[in-house]
Amino acid sequence: MRDVLVKDLARLLGADRVISQVEDRLCYSYDGTYKTGIPRLVVKPGNTEQVAALVEFAYQREIPLVPRGAGTGLSGGSVPLADGVVVSLTALNRVVELDRVDMLAVVEAGVVTGSLHKAAEAVRLFYPPDPASSAVSTIGGNVAECAGGPRGLKYGVTRDYVLGLEVVLPDGRVINTGGRTIKNVTGYDLTRLITGSEGTLGIITRAVLRLLPLPEHKQTILADFLDLNAAATAITAILAEGIVPAALEIMDDVTIRCVEKHRSAGLPLDAAAILLMDLDGPRETVGQQLNRVGEICRRHGARNIRVAHSTGESAELWQARRAVSPALVQVKPTKISEDATVPRSQVPAMIRRLKEIAARHNLDIAIFGHAGDGNLHPNILVDRRNPAEMARAENAIAEIFEAALALGGTLSGEHGIGLLKRPYLKQEVGSAGMEYMTRLKQAFDPKGIMNPGKILGRCASDQN
Amino acid sequence: MIKTKETLLAQVDRCSKCGACREVCPVFLAKGSEPYVARAKVQLAGAWLDGNLSPSRRLQELMGYCLLCKTCTHHCPNGVQVDRLVLAARAEAGPARRSLVRLAATGILPHPRRMWVAHGVFRLTQGTLTRLRPALQGLPQVPRKPFTQHYPAVLPVARPRRRVGYFLGCMIQYFWHRVGDAAIHVLREHDGEVVLLPGCCGMPAAAQGAAGIARQQAEMVVRQAEQARVEAVVTTCASCGLALAGYGDELSTPAARAFSQRVRDISAFLMETGLNRDLGVVETVVTYHDPCHLRRGQGVWQQPREILRCIPGVDLREMEQPDRCCGGSGTFAFSHPEVAAAIGGLKAEMAARTGAAVVATGCPSCQLQLAGVLDRAGQAVRVAHTVEILSQAYAARLTP
């Protein structure tokens, strides 16, 4: 069976674009989560036409497809299920256009987000979305998952920068949604629907992205606290004063220690929590805000305020922040990354509840995240080879979601539902919500070939 | 070297699969496909160790696509030692493909007599071989006799301050005599009584998965140094230095541990014992390339730069990413010429952009690769070991 398929796909795309050996397929079985699934085949189309031809072929034969960028997702979105064929889009890697007057970029799906950052900044433009994996993650994956990042607090997330998309629909037809204008109310907003659809409605091959002028000045500040709750209340105090930092991140003691172990950025190892902040804007405003933020932090019990004196020092601190999530496997090998998100006023309450949940279930839960916008990343640290611990983790996850929903929040701020949060979706959107999402999926993808089992799909906890 | 399955699996467990290595792995950046990146090698090793993947030719092939440059480990939030997993997989996951490179590394280099014959054959056919294997392009004309035949086993000095063993390694012994000559000159300038230590460090055999042969070499080198009764063992080859420094952990004997503690790269040795700063002028623009096995392997990167800055007339200009692997990686350039050429091409560009007349470095394997790629890129830039420039500076003082 597989051999016939390999031949057909090789005829369609070229033999070097079809990967069939098990050793190679294994390298497309994972993402940044602990979930894995070896794909039936991997294909690497070189352009939109090839993607369209491939999807049309798969539609006729009802072959499930799993779109994939750099494989850095944190919800299992690109982990193959059901003998799917992985569609690796990294060969579509051109920055097609960078328009300084229209202030937009046209990029193919496989362009690495970090390289778009660099290209834009070289002409004094700014693409704000900055997921921690941006040095390697792709725009296609970022759009499909609606990635966020520290700058979400001030600048919003990926969806706020997507003006238009080129999408290969599940039957192989290619559509262009949105366009090159900021204003566009022509018909249903398919751009927003497909952004964050996790590859379940079609394959994104190209994006038109809005850019901003690069802020004149940026300053990084680090405040450390001997009490986690004090740090949390300092966050709400800063925001209550009308200051909106470009980023406002929290890291607890566990995360500080993990991240310092292999690539030291000089973070205080004895602190209970640190706040890492960026202020940006005109030089003068940044200077004033810097003083006020320092004062507020001190008033709320900050022990030390460190201001980065060079762009190098600032880059080092942010590099440390980006290393947090991966570094947590030093505590235990299996890391269950959550990103339950609450209104920013509820951050202190959420942190208290997380600590209670950790204690109740006797689990290591590290807390860090984008505290300024309420998007926390509690990470449950366990060993998947320990069934008792895994069971306790399952219970803790359910309680974390309950807490987030009770505080007016949501299951996922930026990682997506994927495989990991599927069982809890209904709890948030309700039966009617589930039904409409399911109908929407069926309208786009009647044969169910697009990334089956992600977001929607059967799972053990689905009762009806 | 990590030996047991448990310790290897512990390395696998430390990989969070975040993919950060995709930013820096030179082989991945040249090939552009996940199976060639460090993360994939860790997962493949994990599947093999867990018994979910049987050893196969393809597994060996993929494990072969690693420079052992440690760039991933250095960048990894968890410091996963990918090179150790790769070496373990090469050693144990079934026989590698038979090749001339493997034969040379495991069957010829460790045996002085065979090497003597091979050296003679190589010398006579160097022109033809270089046409067939462009990776050989950067090699100097092969000398008639091995290095040790040009010198007595012990080189006395008038007022010896210390007795130093100079571990030559295959590259100096058979090919790069000018580096060896310079090293001896420099050591004697520091009143060192030099004892020449020939032999192969075992790294080429280990890289080919022949862990047993590498171990035998290690035992031999330790014994030889013990007999020579030297205070320090100095190297001019980054890879030899890394191998020698690792014997302690590898063999776990008191003798091997004591030996490894005495091993120093020549630049580190000179800075540690006090550089003779009575130097003549060498008027030239230099850029320095960090050998992976010096900078990430032994933590040596400041010392060669300090030495170069001490030399009057030397204008040291840093290139972009001086610590990016040159793609040579010992036998890699021979087994994977296309990838090595692509990685080396980038390095040649970065080095040439500084406007330097000389690329200095601390490893003959890098010298070989750099000379070749610079030549192919049409760049008239010379490649020299740091000690060659230093030796030139001492000579310049003597003949004003």
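In what follows, chains carry the letters A, B, and so on, assigned in the order in which the sequence lines appear, proteins first and then strands, with residues in each chain numbered from 1. From a predicted model like this one, the values you see are computed outputs, not experimental measurements. Computed over heavy atoms, backbone and side chain alike; hydrogens, waters and symmetry mates excluded.
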Which heavy atom in [X] sits nearest to a heavy atom in [Y], and how many Å separate them?
| X | Y | answer |
| --- | --- | --- |
| A:V329 | B:S16 | CG1-CB, 3.7 Å |
| A:G71 | B:R39 | O-NH1, 2.7 Å |
| B:A40 | A:Y30 | CA-OH, 3.3 Å |

>> Please rank A:A323, A:A70, A:P333, A:A135 by heavy-atom pairs under 4.5 Å with chain B and give me the top one.
In response: A:A70

> Who among A:K44, A:K261, A:K335 has the most heavy-atom pairs with chain B under 4.5 Å?
Replying inline: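 Highest number of pairs under 4.5 Å: A:K44.
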
How far does [atom1] of [X] sit from [atom2] of [Y], to the nearest 0.5 angstrom?
| X | Y | atom1 | atom2 | value |
| --- | --- | --- | --- | --- |
| A:S29 | B:Q43 | OG | CD | 7.0 Å |
| A:L74 | B:C18 | CG | SG | 9.5 Å |
| A:L26 | B:N52 | CG | CG | 8.5 Å |

[X], part contacting chain B, at a heavy-atom distance under 4.5 Å:
| X | value |
| --- | --- |
| A:K332 | neither |
| A:T36 | side chain |
| A:D383 | neither |

> Passes side chain to side chain donor-acceptor pair (under 3.5 Å), A:T72 versus B:K17? Steps please.
Replying inline: CA-CA 8 Å; A:T72 57; B:K17 296 179 282 176; over 6 Å; no

>> For a side-chain contact (heavy atoms from CB on, under 4.5 Å) check, start with the C-alpha distance between B:R57 and A:Q21, then their side-chain angles and the critical distance, and finish with the verdict.
In response: CA-CA 11 Å; B:R57 184 157 165 180; A:Q21 296 191 76; over 6 Å; no

> Can any side-chain N or O of B:E23 pair as donor or acceptor with the backbone N or O of A:S133 at less than 3.5 Å?
Replying inline: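 Side chain of B:E23 to backbone of A:S133: no pair is present.
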
> Short question: side chain of A:H262, backbone of B:N78 - any donor-acceptor pair under 3.5 Å?
Replying inline: yes

Toward chain A, the part of [X] with a non-hydrogen atom under 4.5 Å:
| X | result |
| --- | --- |
| B:L62 | side chain |
| B:H74 | backbone |
| B:C76 | backbone |
| B:S33 | both |
| B:A20 | backbone |

> Under 3.5 Å, is there a donor-acceptor pair linking the side chains of B:S56 and A:E23?
Replying inline: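 Yes, A:E23 and B:S56 have a side-chain donor paired with an acceptor closer than 3.5 Å.
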
> When you check the gap from the basic side-chain N to the acidic O, do A:D24 and B:R58 get nearer than 4.0 Å?
Replying inline: yes

